[in-house]
Amino acid sequence: MKDLSYNSKVIEQKWQAKWEADKLYRAVIDHSKPKHYALTMLPYPSGDLHIGHWFSMTPPDARARFKRMQGYNVMFPMGFDAFGLPAEGAAIKNNIHPKKWTYANIERMRAQMRTMGAMFDWEREAVSCDPEYYKWTEWFFIQLYKHGLAYRKKQAVDWCPSCNTTLAREQVKGDDRLCDRCGTPVIKKELEQWFFKATKYADELLRFDGIDWPEFIKVSQTNWIGRSEGASVTFKTEAGDPIEIFTTRPDTLWGATFMVMSPEHPLVEKITTAEHAQAVSEYKAQAAKQTDIQREAKDKEKTGVFTGGYAINPVNDERIPIWVADYVLMTYGTGAIMAVPAHDERDFEFARKFGLKVIPVIQPEGTELNGDTMTEAYPGEGLMINSGPFNGTPATSDKGVKNPAIKAVIEHLEQKGVGKMDVNYRYRDWLISRQRFWGAPIPMVYCETHGWNPVPDDQLPVVLPDDIDEWKPTGESPLKFHPTWKDTTCPICGGYAMRETDTMDTFMCSSWYHMRYLSPHYDKAPFDDAEYNYWMPVDTYTGGSEHANMHLLYFRFFHKALRDMGITEGNEPVMQLRNQGMVLAEDNSKMSKSKGNVVAPDVLVQKYGADTVRAYLMFFARWQQGAPWDSNGIEGTARWMRRVWTLFTDASDSAGTASDETKKDLRRKVHQTLKRVTRDFENFEFNTVISSLMELMNEMYKAREAGAVGTNEWKEAQEIYLKMMAPVAPHISEELWTEHLGKPYSIHQQLWPAIDEAAAKEDVVEIPVQINGKVRDRVTVAAEASEDEIKSAVMASEVIQKYLEGKEPKKVIVVKGKLVSLVV
RNA sequence: GCCGAAGUGGCGGAAUAGGCAGACGCGCACGACUCAAAAUCGUGUUCCCUACGGGAAUGAGGGUUCGAUUCCCUCCUUCGGCACCA
């Protein structure tokens, strides 16, 4: 026996150095093996690795290792999402260039990551702020622009006053409309910005065919896209101007008793009569002053003013008043609605407040709605009434054309030429411009004569300057104040042109990093086709669910857009997605630097070793759920590690004296464990992988007591044990494998053991006997015992006879190998 | 309000093609070893009672079933997404 005690530090450093020298985790194309691309979300280089990084990276590493042992050619790359605001924050605070700060952090985090003992292939590392990387981020922008998927537009956009930049809709969170990054309430600004036409893919993004993603992510994306099916209908003003509206309830058209326009609607001015002009313009001014938060507050009482104008309802030629109210948003639909107070809550509230007519057009079964006396809108199902030719048509609760009433009315509208079936989304195009320095430059130039044009490909990348000395956030990119950077020539006429000084949303960089890993230094294209054809799509993607409607939506869009441009293949970038939960502080709060409750993995690695930290992170919670940290708990996994060490290194006196039964029991337990561990790794159920291994170890200790050491069964148990443990604790298992069992290096190149189903089978089972649902006794029978055999064993039981008191049970249910239930 | 996920000992959590609830670990208690402590090893540990026996219990209440943590209905709580979206 070599070492007497388990020394994690020595072992871990030794093997990490050897694996690296041997390029053990290098992933290269090998057509003789099935491939497995395991991807985990790349980190932002914020400075120090925290326990959350370990939690998101090491269990997926274990699974990637498991897949490798199953015979897959596994690629498990790592990189850095290295553009972003904190670098600029550091620049402002410490007067250090963001580049310096970022690369120093990357250096530090790489070193910390190496202590994980993960199977990262560092030769595939990609860093998004490297010019060789962002050259292609820029190139993608140009491709999107050339295909009409990137465009510039002026509109009211979300602006974070603290980050001093615009944000995409996805990056504004919740009711209070807070900046996703810093939590500051965002405001609206009217600005000209670059957008990606993500909405073009709205319908396709709603389909998740053929991909294995968590239900809640799919639901979240579906909610976010917010598809509603209905009809667009053209009303007319009395002067004959068309007013287009969108409605999900065309079946209630006959109940439209007024119209409402958003204060920003272009037609408001024209329809307002002289008499109402002042009131309307005052209302518009006041609406403009209010923030979105005030305007969109759900509990706000309805406000609005009459314009004096009237519209004609195209289905019944009714003349109905047109109002202006801020509950109608210019950003959704057409900015104008038909109001059906009898069947819409909001319209009802408005009608009652301003004394407008309420006409029911859907009659629920068994009651009669009265427009004058009803106290709330009736949005439910019923028969159409007051609706001319459609009276009596059943309106169901189905949405869209599945509803017979809606279908019939849409057909009618189409025939009359006053409306058509239509679909609306709450999903918006992706606002990509950021008024910040530390991002990929938007590779566009503006010429007075030729307008906006992309930088020619041979001039890419547009590189960020190093000589910036003013970092103060002004609401405009520091690039704008650089003396020469923005000056360039127009690619059309060669005259003066000005560079776009905004940079791209960093989510653009992370929309394609999984493809840069394929060939991180390739300079002819964003990736090498040979690599793409072998590795893509990503087989397993892991990361946090907070990205549900941001990154995870952006990169699906990106992949589809690239597919349509002929750059990628397949409809989805990722086949299987799994999300880890969060490691909370011990008091259940979020860990944060400011609260000082952050668990530092380095300290734990120092004290317990990486294997123990890895194992504990897999064991202490369900990985897909997370849990509050428990600093005592790690002692349990540390103890496991030491006990395994002892089990494999300590001699036993009674070696070889085990009975056949002991040996058979050991073998059974080994193969039962193997079966469970295999299944649980597959399902990302790491906590039960560990508990099964602990159980088997306990059994092995008992078997050792019983003299199993040295037997063939013992040797098999040791081998299988280490192979099962290898993905979890790569260092200790390598040490025990090569140094103590004397097996050939490396355990990580071994194949996953085969399950011997026959050996795993129990031959004797103890089955509970219930009387009226209560367990009263247990009988031991052969696992294969027939119903009759079990029954007679039960009837032979004294305890059972006592409970039966000589009577025959009314009913006997025998579940073979499981249980017997008697009813008396 | 709508959509989704989840509620099991002091704690993290096991067990779902309906079949012994509480695996594994933390914590705690007792014991062994030790001059002592740490480490280690062993035993116990859901709750209640009239305690070698019995009863209750998987958020609450109901249902289906011989049998429900698991399936169905109603409700409560927590977390996440959406929300004046027409």
Side-chain angles (χ1 to χ4, degrees), chain A residues 5 173-175 214-228 230 245-249 252 259-260 262 295-302 325-329 331-340 343-347 349-350 424-427 545-546 548-549 579 581-582 586 615-616 619-622 624-637 639-640 642-643 646 676 685 687-698 701 765-775 777-778 809-824:
Chain A
S5 66
K173 295 279 142 154
D175 231 3
E215 198 55 33
F216 79 103
I217 298 281
K218 295 194 277 188
V219 167
S220 182
Q221 295 198 345
T222 303
N223 283 345
W224 183 259
I225 292 166
R227 180 183 203 272
S228 22
I245 60 110
F246 172 75
T247 177
T248 54
R249 292 294 304 274
T252 63
M259 293 191 83
V260 187
S262 158
R295 265 183 73 168
E296 292 175 13
K298 56 179 174 265
D299 45 4
K300 202 187 96 174
E301 203 177 319
K302 298 260 176 303
D326 64 5
Y327 82 90
V328 173
L329 310 173
T331 48
Y332 185 81
T334 61
I337 62 159
M338 67 167 190
V340 184
H343 305 291
D344 182 280
E345 219 177 294
R346 297 152 300 175
D347 298 344
E349 194 193 321
F350 194 83
N424 248 277
Y425 305 89
R426 60 177 297 287
Y427 192 41
S545 57
E546 68 275 14
N549 298 339
N579 303 103
M582 230 194 294
E586 301 213 31
Y616 184 55
F619 182 60
F620 92 109
R622 297 171 174 128
Q624 293 179 77
Q625 213 156 281
W629 182 256
D630 174 6
S631 51
N632 286 320
I634 194 169
E635 291 291 345
T637 24
R639 202 164 291 142
W640 174 47
R642 287 194 294 264
R643 299 224 316 140
T646 306
R676 283 160 60 191
E685 281 157 6
N687 55 340
T688 46
V689 165
I690 310 293
S691 65
S692 298
L693 287 174
M694 286 174 168
E695 253 183 82
L696 175 56
M697 177 191 69
N698 292 339
Y701 264 98
V765 286
E766 191 187 58
I767 58 179
V769 183
Q770 294 181 344
I771 294 178
N772 290 343
K774 290 199 167 111
V775 179
D777 196 18
R778 287 154 216 279
K810 274 192 210 137
K811 203 169 177 183
V812 180
I813 295 131
V814 179
V815 186
K816 273 169 72 178
K818 294 271 189 186
L819 139 157
V820 176
S821 183
L822 306 180
V823 187
V824 298

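Letters A, B, ... are given to chains in the order of the sequence lines, protein chains preceding strands, and every chain is numbered from 1. Just so it is clear, the structure is predicted and the values come from calculations on it, not from any experiment.
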### Task
Write down the distance between CG (A/Asn632) and P (B/G10), rounded to a whole number of angstrom.
18 Å
#### Entry: N/O (side chain, A/Arg676) to phosphate O (OP1/OP2, B/A14) under 4.0 Å
no
### Task
Would you please confirm or rule out a distance under 4.0 Å between OP1 or OP2 of B/A14 and any side-chain N or O of A/Arg622?
yes
### Nearest-angstrom distance from the residue atom CD of A/Glu215 to P of B/A5
7 Å
### Message
For a quick test of reading the model: is some side-chain N or O of A/Arg778 closer than 4.0 Å to OP1 or OP2 of B/C20?
### Response
no
### Sole candidate of A/Val775, A/Ile813, A/Val814 that passes side-chain contact (heavy atoms from CB on, under 4.5 Å) when paired with A/Ser821
A/Ile813
### Query
A/Trp224 near the nucleic acid: base, sugar-phosphate alone, or nothing, with a heavy-atom cut-off under 4.0 Å?
sugar-phosphate
#### Entry: Rounded distance (Å) that lies between atom P of B/G4 and atom CD of A/Gln625
18 Å
### Spacing of A/Arg639 atom CZ relative to B/G25 atom P, expressed in whole Å
10 Å
#### Entry: B/G80 phosphate, OP1 or OP2, under 4.0 Å from A/Asn223 side-chain N/O
no
### Query
Which word best sums up how the rings of A/Phe350 and A/Tyr327 line up, parallel for under 30°, tilted for 30 to 60°, or perpendicular for over 60°?
tilted
### Task
Quick one: classify the glycosidic conformation of B/G9 as syn or anti, with syn meaning within 90° of 0.
syn
### Task
Have a look at A/Asn549 and say if it touches a base, only the backbone sugar-phosphate, or nothing, with a 4.0 Å heavy-atom cut-off.
sugar-phosphate
